[in-house]
**Q** 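The structure is given below, and queries will be raised subsequently.
Residue numbering restarts at 1 for every chain, and letters A, B, ... go by the order of the sequence lines.
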There are 2 protein chains.
Amino acid sequence: MATGRTHRPATRSRGIPEATVARLPLYLRALTGLSERSVPTVSSEELAAAAGVNSAKLRKDFSYLGSYGTRGVGYDVEYLVYQISRELGLTQDWPVVIVGIGNLGAALANYGGFASRGFRVAALIDADPAMAGTPVAGIAVQHSDELEKIISDNGVSIGVISTPAGAAQQVCDRLVAAGVTSILNFAPTVLSVPDGVDVRKVDLSIELQILAFHEQRKAGEEAAGNNAEQADAPPLRATPASRKGPDGDVPAVMPA
Amino acid sequence: MATGRTHRPATRSRGIPEATVARLPLYLRALTGLSERSVPTVSSEELAAAAGVNSAKLRKDFSYLGSYGTRGVGYDVEYLVYQISRELGLTQDWPVVIVGIGNLGAALANYGGFASRGFRVAALIDADPAMAGTPVAGIAVQHSDELEKIISDNGVSIGVISTPAGAAQQVCDRLVAAGVTSILNFAPTVLSVPDGVDVRKVDLSIELQILAFHEQRKAGEEAAGNNAEQADAPPLRATPASRKGPDGDVPAVMPA
DNA sequence: ATGTCTTTGTGAACGCGTGCACAAAGATGA
DNA sequence: TCATCTTTGTGCACGCGTTCACAAAGACAT
Ligand SMILES: NC(=O)c1ccc[n+]([C@@H]2O[C@H](COP(=O)([O-])OP(=O)(O)OC[C@H]3O[C@@H](n4cnc5c(N)ncnc54)[C@H](O)[C@@H]3O)[C@@H](O)[C@H]2O)c1
Ligand SMILES: NC(=O)c1ccc[n+]([C@@H]2O[C@H](COP(=O)([O-])OP(=O)(O)OC[C@H]3O[C@@H](n4cnc5c(N)ncnc54)[C@H](O)[C@@H]3O)[C@@H](O)[C@H]2O)c1
């Protein structure tokens, strides 16, 4: 998960649990697919399968939105698409700025899935003067000096940070001061923001480390043989490139 | 959050809660920073602040790893770095392949933070014959036909998918069949994999939609004023910039 | 109309994660 | 050696999220 909001006393927003909110986009995507194939209705079972979740969970999630299903039939696809879109705030336009147009920033700018759901790239901002004016994904990059003006002029409330880690907090502060209240952070740093500002982070490195943990565990289990009492975790394959020297690389510094 | 493993009966891996595992990389990053500044020890309070979490939570997390602290003093930075690295499986080398070298794939390949923690880009794979041989981030892109051989030869167990959504499941199947047991998926699709294979997803679109939800809610609260009995669960309803045309864009199809 | 059959919506139980609060551990100084 | 002071490690309670299981709702056929 590259997710994680910063702070927030678990204030269940308007009665809709945070976990449910995080799944609504998933349902919406599955529903959009059905809609394109002109499927009129879906059962909770079918939709749940498409979204990769439990059907009971899906029904409970939808129950927070209201009673939009028909017993014995299922859910009307178009209607549900609309209801979820409205709930997520996608019936309006969200201008977004991307700050830090390097490798990642440029990829994000080129990302088509951006505009598809009400998100519009209002501006690309970079601190490098050499980049100012350069078109990326059809949009001319603007210099950081313009940041406040851009935010203000476009009524931007969502900012994406893809600068190096060292610049992230500073950029964040400027964004917030200029009026941005939601930030998607790709830089590997913990951002501190005032109350009322939401931060979500996407951290590739963390994701890989979590995978490595489970990978190691799988390999270890296999090595340990199946003397475990329960066959819950299957044997799986051989450890990857693991000639993990016999703990030979313990740092010299020991605790006490 | 762009996170979410697929399936898995909440099998608490080796006694370490999943939530804790997800935070270990965060602690590790904070500790690495301290280590570079040659700080010998940290208290749970200081480290927690650096990692952006609660100190009690941090102490509880560490308690799952063992008793590595010294009461009255704190934790030895170097020692803790080693212990967490070992726990996460970062003391060994993890060869990784990236499949789909487009905008995003190329950015990922160029990402420096990759190699820093034991992850090594073993190969870049793309289906486009025109890309074969082209160097990206100093590595020659290889054609999809070689996928199985590459996985096998390098003992790759972690794969990154950054192909278009339509190709993701197919690529996933091939990776898994070739021996990959952990996948980081950037394509906006639900991947289905056999038991024993971990999938984590990073989904920009979902992150933005979650931010939009809260953004809409904030706007609604502000618009509603403070006439509510408690500022916790506001009336809402008053959509923000919603000139929600007299429901003019409600789909024609209604439920019942 | 009435019965059957499908599927929703939800009450209830359970487990995980979080945070409080404090006893125990150990360092440090006299 | 003993007292004091800091900080860890954890028991405990609480709330959120998940899942089960089923009653109620409605479609559809007869
Ligand atoms: N590339 C990836 O796949 C990847 C993956 C995960 C995380 N990240 C993170 O995303 C960030 C960007 O990665 P990248 O590979 O694109 O780096 P990059 O060096 O290619 O791009 C960074 C860009 O930010 C600009 N910049 C620097 N300081 C700035 C400031 N104060 N204001 C505005 N712009 C500024 C630079 O001019 C540069 O164009 C890094 O923090 C990196 O750790 C990247
Ligand atoms: N660019 C972004 O910032 C971004 C953000 C979020 C998600 N994504 C997702 O990441 C994926 C890649 O995005 P992108 O912008 O890099 O797209 P892209 O079109 O630039 O790149 C896709 C690459 O995948 C290759 N490819 C296609 N089918 C393949 C196959 N079967 N096997 C191997 N390679 C194959 C193509 O040749 C191409 O080089 C998409 O699913 C996109 O939705 C991208």
**Q** What's the CG-C1' distance between A:Leu58 and C:dT8, to the nearest Å?
**A** 11 Å

**Q** Can you tell me the distance, in whole Å, between the CG atom of B:Leu47 and the C1' atom of D:dT6?
**A** 17 Å

**Q** Among the candidates D:dC12, C:dG26, C:dT8, find the nucleotide nearest to the side-chain atoms of B:Thr70.
**A** C:dG26

**Q** State which of D:dA21, D:dG17, C:dT18 makes the closest approach to the side chain of A:Glu18.
**A** D:dG17

**Q** May I ask you to verify if any side-chain N or O of B:Ser44 is less than 4.0 angstrom from the OP1 or OP2 atom of D:dT8?
**A** yes

**Q** Of B:Ser63 and A:Asp61, whose closest DNA chain D nucleotide lies nearer the 5' terminus?
**A** B:Ser63

**Q** Write down the distance between NZ (B:Lys57) and P (D:dG9), rounded to a whole number of angstrom.
**A** 18 Å

**Q** Could you verify whether a donor N or O on one side chain and an acceptor N or O on the other, from B:Tyr79 and B:Gln83, lie under 3.5 Å apart?
**A** yes

**Q** Can you check whether any acceptor in the base of C:dG19 is under 3.5 Å from a donor in the side chain of B:Lys60, or vice versa?
**A** yes

**Q** Is there a donor in the side chain of A:Thr91 and an acceptor in the side chain of A:Arg86, or the other way round, less than 3.5 Å apart?
**A** no

**Q** CZ of B:Arg23 versus P of C:dG19: gap in Å, rounded?
**A** 8 Å

**Q** Will you find, in the side chains of A:Arg117 and A:Thr32, an N or O donor that is under 3.5 Å from an N or O acceptor?
**A** yes

**Q** Take atom CG of B:Asn54 and atom P of D:dG9, then tell me their distance rounded to the nearest Å.
**A** 15 Å

**Q** Does D:dG9 have OP1 or OP2 under 4.0 Å away from a side-chain N or O of B:Tyr75?
**A** yes

**Q** As a quick check of understanding, evaluate ring pair (Phe, Tyr, Trp, His ring centres under 6.0 Å) for B:Tyr75 and B:Phe62, giving each step before the final call.
**A** CA-CA 10 Å; B:Tyr75 300 90; B:Phe62 285 176; 5.1 Å; yes

**Q** Can you check the B:Phe62 CZ to C:dG19 C1' distance for me, whole Å?
**A** 17 Å

**Q** Without decimals, in angstroms, what is the distance between B:Tyr64 OH and D:dT8 C1'?
**A** 15 Å

**Q** Report the nucleotide, chosen from D:dA21, D:dA24, D:dT8, that has the shortest atom-to-atom distance to any side-chain atom of B:Arg71.
**A** D:dT8

**Q** Just the rounded figure in Å: distance from P of D:dG11 to CZ of B:Arg59.
**A** 14 Å

**Q** Less than 4.0 Å between a side-chain N and a carboxylate O, is that true for B:Arg217 and A:Asp198?
**A** no

**Q** Look at the side chain of A:Ala19 and decide which nucleotide, out of C:dC20, C:dG26, D:dG17, has an atom nearest to it.
**A** D:dG17

